[in-house]
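What you are looking at is a predicted structure, and each value in this text was computed from that prediction instead of being measured.
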Amino acid sequence: MASGFYNVPKAVNEPVKTYAPNSPEKKSLLDTYKKMYNEKVDIPFYIGGKEIRTGNTVSIHPPHNHKHTVGQYHKAEKKHVEQAIANALEARKTWSKTSWEHRAAIFLKAAELLAGPYRDRMNAATMIGQSKNVMQAEIDAACEMIDFFKFNVEFMTEVYANQPISSPGIWNRMEYRPLEGFTYAITPFNFTSIAANLCAAPVMMGNVCVWKPSDSQVYSAQVIVDLFKEAGVPDGVINVVYGDPIMISDTILSHPDFSGLHFTGSTHVFKLLWKQIGNNINSYKTYPRIVGETGGKDFIWAHASANAKQVGTAIVRGAFEYQGQKCSAASRAYIPKSLWADVKKTVTEQVKSIKMGSPDDTSNFVNAVIHEASFDKISSYIDQAKADKNAEIIVGGGHDKTKGYFIEPTVIVTDDPKYTTMCTELFGPVITIYVYDDVKWKESLQYVDETSEYALTGAIFSGDRYIIDYATNALENAAGNFYINDKPTGAVVGQQPFGGARGSGTNDKAGSVWNLLRWVSNRTIKETFVPPTDYKYPFLGE
């Protein structure tokens, strides 16, 4: 029972290690990478803290060397998903009554463990299983996850501190209860931190969760499970299942105690899940919360007043960091003719200098895409661009899956603002550029706003404040995270709350107080100290 108003440690963003040549952190991480790469792990799923192995396994291969095996994971059956739900609901009886400061302490401990003894292992697992280079793993699997835990604890106290006013003789209070039932987290391959946060955020607010990680992220998901266990998350509060996503979702979404979905993934899948929840609405005890961050066709727009080298660098970093497999990655750009020659020079020079290969060689800026299906999709669009008369590949365009799923950073230029790769989400290292007449800059902003169904991230470049003001207003609904004179990637917890609208999701801003508010059900309590003893109001008198 709480016996004080507790101040939590002030959240600050975790410093990013540089992994400079000959640095101790670089040696430590690469030693851990080598050790894990040469091990074979057998990954169970978890129900009530118990390890479950079915013998129905899937092997795990690094995307940059798909002939190498680092382990296997076990797939759940329908009965296991039902057990996970039952176990979560049983755990809820205690967890939902646990004082907030004890829930907070668990995740503050998780942050400290990750900042210290778990850092190398979490980063190495992400490098191996998701083919991220050292820096991309560090900013994701270490720093952002630490930030999620620390800042969400601080945001949680802000939620609880938001209380109504009270009149004389009355005490009004607001109670922030966990949702009635259990939540379901479906997490993506591309960010280890998002995988952890999607199950941790509802749990921090007193909920319980069944978590289904991406099949392509199981390797680092196991490290998250170990981290949560050592930090003190009680058995059954987070149950983890791997396997057939349709079977798992069908089982969970048909349960009457389903209370909320926390999702990051494709727009198509999210819409199917939303429809499924709607079709089942009469069977639920309460209206489920639906929180999702989905696709993007993120843009860079430049005005003639912009700095060409800054624009070119933003294109290269924004489009090709982590092989363009960020929800926020730049995948279309609009450049004025007067800047194009200089932008083109910067982009081609920088892209030609990029090295590509395994993450254990830290000179490689680009690594492999996540799996063969992704490789085949992206390479097919590149090959089509080579054949199309209204498109030209000015740099890149190569691809090879002999050993790993490698696709060169590719820049397509088109004279059609509605060309296929200007509109379609590829989720790979490809950006398409449309060069517009300088005088038609307002018309080009219309293309930016109307070309895509998505509205996740976007960037504008200009040295003219009037142009910046105009473009910011013209693109009001085009991006939930909007960048001025910067690339459209790299949102930091506590600094740029992340999420978009339109086809990009519910814009509930991961890593913010607004996201945490979705995982509570408010109860207003009014206490009157001296209740009236007569029904008559003054107006009834003579």
Side-chain angles (χ1 to χ4, degrees), residues 12-41 43 60-66 68-71 109-150 189-197 213 216-231 317 320-323 325-326 354-370 404 406 489-490 492-493:
V12 294
N13 293 112
E14 176 69 11
V16 179
K17 293 184 182 294
T18 63
Y19 297 92
N22 302 316
S23 63
E25 66 262 23
K26 179 177 178 180
K27 182 181 185 306
S28 178
L29 175 56
L30 292 181
D31 285 348
T32 303
Y33 178 102
K34 183 177 180 180
K35 178 178 181 292
M36 294 175 66
Y37 188 82
N38 291 307
E39 291 175 341
K40 298 289 189 294
V41 294
I43 299 176
I60 303 171
H61 309 277
H64 43 278
N65 186 1
H66 52 65
H68 180 72
T69 302
V70 292
K109 181 176 181 179
E112 294 301 323
L113 288 168
L114 181 53
Y118 275 79
R119 195 184 203 109
D120 284 349
R121 189 172 162 220
M122 193 73 76
N123 282 342
T126 301
M127 292 165 67
I128 293 168
Q130 292 138 268
S131 201
K132 285 200 172 187
N133 66 34
V134 167
M135 181 55 61
Q136 293 300 309
E138 168 72 5
I139 62 177
D140 162 28
C143 297
E144 185 167 273
M145 194 188 302
I146 293 166
D147 288 351
F148 273 135
F149 297 156
K150 289 186 174 181
F189 78 84
N190 58 336
F191 277 89
T192 305
S193 57
I194 292 176
N197 183 58
S216 301
Q217 190 259 323
V218 172
Y219 194 67
S220 58
Q222 175 62 45
V223 186
I224 296 173
V225 170
D226 292 343
L227 174 68
F228 284 166
K229 188 174 184 64
E230 185 165 345
R317 282 188 169 183
F320 303 133
E321 286 183 336
Y322 190 42
Q323 298 77 263
Q325 295 175 128
K326 298 184 180 184
I354 288 174
K355 287 186 63 181
M356 179 170 63
S358 173
D360 65 339
D361 179 349
T362 58
S363 66
N364 290 325
F365 183 79
V366 166
N367 311 116
V369 298
I370 192 65
F406 291 106
T489 63
V492 178
V493 176

For the pair Asn65 and Tyr37, evaluate side-chain hydrogen bond (donor to acceptor under 3.5 Å, both in side chains) and give the outcome as yes or no after the intermediate values. CA-CA 11 Å; Asn65 186 1; Tyr37 188 82; 3.0 Å; yes
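- Rounding to the nearest 0.5 angstrom, the gap separating the CD atom in Glu25 from the CG atom in Leu30 is 10.5 Å.
- From Phe149, atom CZ reaches atom NZ of Lys109 across 13.5 Å, with rounding to the nearest 0.5 Å.
- Minimum interatomic distance between Pro62 and Val70 (heavy atoms only, all atoms of both residues): CG-CG1, 4.0 Å.
- Environment of NZ in Lys229: sparse, with no more than 12 heavy atoms of neighbouring residues, nucleotides or ligands closer than 6.0 Å.
- A 4.5 Å side-chain heavy-atom check between Leu29 and Met127 finds at least one atom pair inside the cut-off.
- Heavy-atom minimum distance, Gln217 versus Thr192: NE2-CG2, 4.1 Å.
- Two residues are said to be in side-chain contact when any heavy atoms from C-beta on lie closer than 4.5 Å; His64 and Asn367 fail this criterion.
- Shortest non-hydrogen contact noted between Gln323 and Ser131 is NE2-O, 3.1 Å.
- Using a 4.0 Å cut-off between charged nitrogen and carboxylate oxygen, Lys27 and Asp31 count as a salt-bridge pair.
- Taking both residues in full, the closest heavy atoms of Ala111 and Ile146 are given as O-CG1, 3.8 Å, listed atom of the first, atom of the second, then distance.
- Atom CG of Leu114 is separated from atom NZ of Lys150 by 9.5 Å, given to the nearest 0.5 angstrom.
- Considering only heavy atoms from C-beta on, Met135 comes within 4.5 Å of Val16 through its side chain.
- You'll find the side chain of Ile224 reaches within 4.5 Å of the side chain of Met122, heavy atoms only.
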Could you go step by step and tell me if Tyr33 and Val134 meet the side-chain contact (heavy atoms from CB on, under 4.5 Å) rule? CA-CA 10 Å; Tyr33 178 102; Val134 167; over 6 Å; no
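- The structure places NE2 of His68 at 5.5 Å from CG of Asn38, a figure rounded to the nearest 0.5 Å.
- The shortest side-chain heavy-atom distance between Tyr322 and Ile139 does not fall under the 4.5 Å cut-off.
- Within the 4.5 Å cutoff, no side-chain heavy atoms of Phe191 are placed close to those of Asn197.
- The two residues Thr69 and His61 come nearest to each other via the heavy atoms OG1-CE1, 3.1 Å.
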Apply side-chain contact (heavy atoms from CB on, under 4.5 Å) to the pair Gln222 and Val41, showing each step before the final yes or no. CA-CA 10 Å; Gln222 175 62 45; Val41 294; over 6 Å; no
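- With hydrogens and angles disregarded, no donor-acceptor distance shorter than 3.5 Å links the side chain of Glu14 to the backbone of Asp147.
- Summarising the geometry, atom CZ belonging to Phe320 is positioned 12.0 Å from atom OG1 belonging to Thr489; distances are rounded to the nearest 0.5 Å.
- Salt-bridge check for Arg119 with Glu138: passed, with a basic side-chain N closer than 4.0 Å to an acidic carboxylate O.
- Going from atom CG of Asn190 over to atom OG1 of Thr126 covers 11.0 Å, rounded to the nearest 0.5 Å.
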Before you tell me yes or no, could you show the steps for Ile60 and Ile43 under side-chain contact (heavy atoms from CB on, under 4.5 Å), namely the whole-Å CA-CA distance, both residues' side-chain angles and the distance that decides it to 0.1 Å? CA-CA 10 Å; Ile60 303 171; Ile43 299 176; 3.9 Å; yes
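- Ion pair Glu321/Lys132 not flagged as a salt bridge, since none of the NZ, NE, NH1 or NH2 atoms sits closer than 4.0 Å to an Asp/Glu carboxylate oxygen.
- Taking each heavy atom of Phe189 and Ser216 in turn, the nearest pair found is CB-CB, 3.8 Å.
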